[in-house]
**Student:** 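I have a structure I would like to understand better, so I am pasting it below and will then ask my questions one at a time.
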Amino acid sequence: MRTPLPPSFYLRDAAIVARELLGAVLMHDDGAQVVSGRIIETEAYLGPHDPASHSAAGRTARTWHMFGPPGTAYVYFIYGMHWCVNAVTGDEGYGSAVLIRALAPLAGLEVMRARRPKARTDASLCDGPGKLCAALGITRAHDGLMLTGASPLTIYEGPPVPDDGVVIGPRIGISKAVDWPLRFCIAPQRQTSA
DNA sequence: ACGCGGATGGCCT
DNA sequence: GGCCATCCGCGTA
């Protein structure tokens, strides 16, 4: 779990990367605080042909970094309140990415609790795309950074998650392509195992 | 255990 | 003007 996932990891179909990111560790080190969690839920956004993908509307100021090189962080602001973080996948210029939807907290629990005072349990610190960005302190400042190392925001290799520990279903909170099976979760009973 | 609606702002039509 | 890749609190069972 010390090894950052390299750009070649992300140079694959978004659905494959979404599956393989389960178990990996997202860490934010701002120089003063280190906060991290294990990735337990992801969603794939396939590219311009995927009606639910931000890249379907073309490359705009907002979606600019979704078209960056594989391993880029694409961070966007939603509902006037929340940040969400993606890992860009596939070739540079294509526009596919994986939304990180939930983490299991690993390090920096005190910092997370201070950043999310409304969370009543440790599990609820990071169990949503907006929540995990708040808990880790991820904002627009991280949009466009590389997740592959030498950056405050990094994803590290984690233990393999077997297929029978993965649940696949439709994506959440979208209004187009609502039945595409592109949401990947670690089954609840497996989330705490190494 | 659900289901609903308000908060809140940037961006596209 | 309307639509969001959301979260939280309050209402009814």
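Chain letters run A, B, ... following the sequence lines, proteins first and then strands; every chain starts at 1.
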**Student:** When A:Phe9 is tested against each of A:Thr148, A:Leu21, A:Ile16 for side chain to side chain contact (heavy atoms under 4.5 Å, CB included), which residue passes?
**Tutor:** A:Leu21
**Student:** Just to confirm, is there a sub-4.0 Å distance from OP1 or OP2 of B:dC11 to any side-chain nitrogen or oxygen of A:Thr60?
**Tutor:** no
**Student:** Can you tell me the distance, in whole Å, between the CZ atom of A:Arg140 and the P atom of B:dG9?
**Tutor:** 15 Å
**Student:** Identify whether the distance between the nearest side-chain nitrogen and carboxylate oxygen of A:Arg101 and A:Asp127 falls below 4.0 Å.
**Tutor:** no
**Student:** Ion pair present between A:Lys176 and A:Asp50, side-chain N to carboxylate O less than 4.0 angstrom?
**Tutor:** no
**Student:** Surrounding CD1 of A:Ile174 (heavy atoms of other residues, nucleotides or ligands, distance under 6.0 Å), is the total greater than 12?
**Tutor:** yes
**Student:** Is it the case that the side chains of A:Tyr76 and A:His65 hold a donor-acceptor pair, with the cut-off being a distance below 3.5 Å and no angle test?
**Tutor:** no
**Student:** Counting primed atoms plus P, OP1 and OP2 as sugar-phosphate and everything else as base, spell out the protein contacts along nucleotides 4-12 of chain C at 4.0 Å heavy-atom distance: B, S or - for each nucleotide, 5' to 3'.
**Tutor:** BBBSSS---
**Student:** Does C:dC4 have a Watson-Crick or wobble mate here (both distances under 3.5 Å), and if so which one?
**Tutor:** B:dG9
**Student:** Using a strict threshold of under 4.0 Å (side-chain N to carboxylate O), is an ion pair present between A:Glu43 and A:Arg171?
**Tutor:** no
**Student:** Between A:Ala57 and A:Phe77, who's closer to the 5' end of DNA chain B by nearest nucleotide?
**Tutor:** A:Phe77
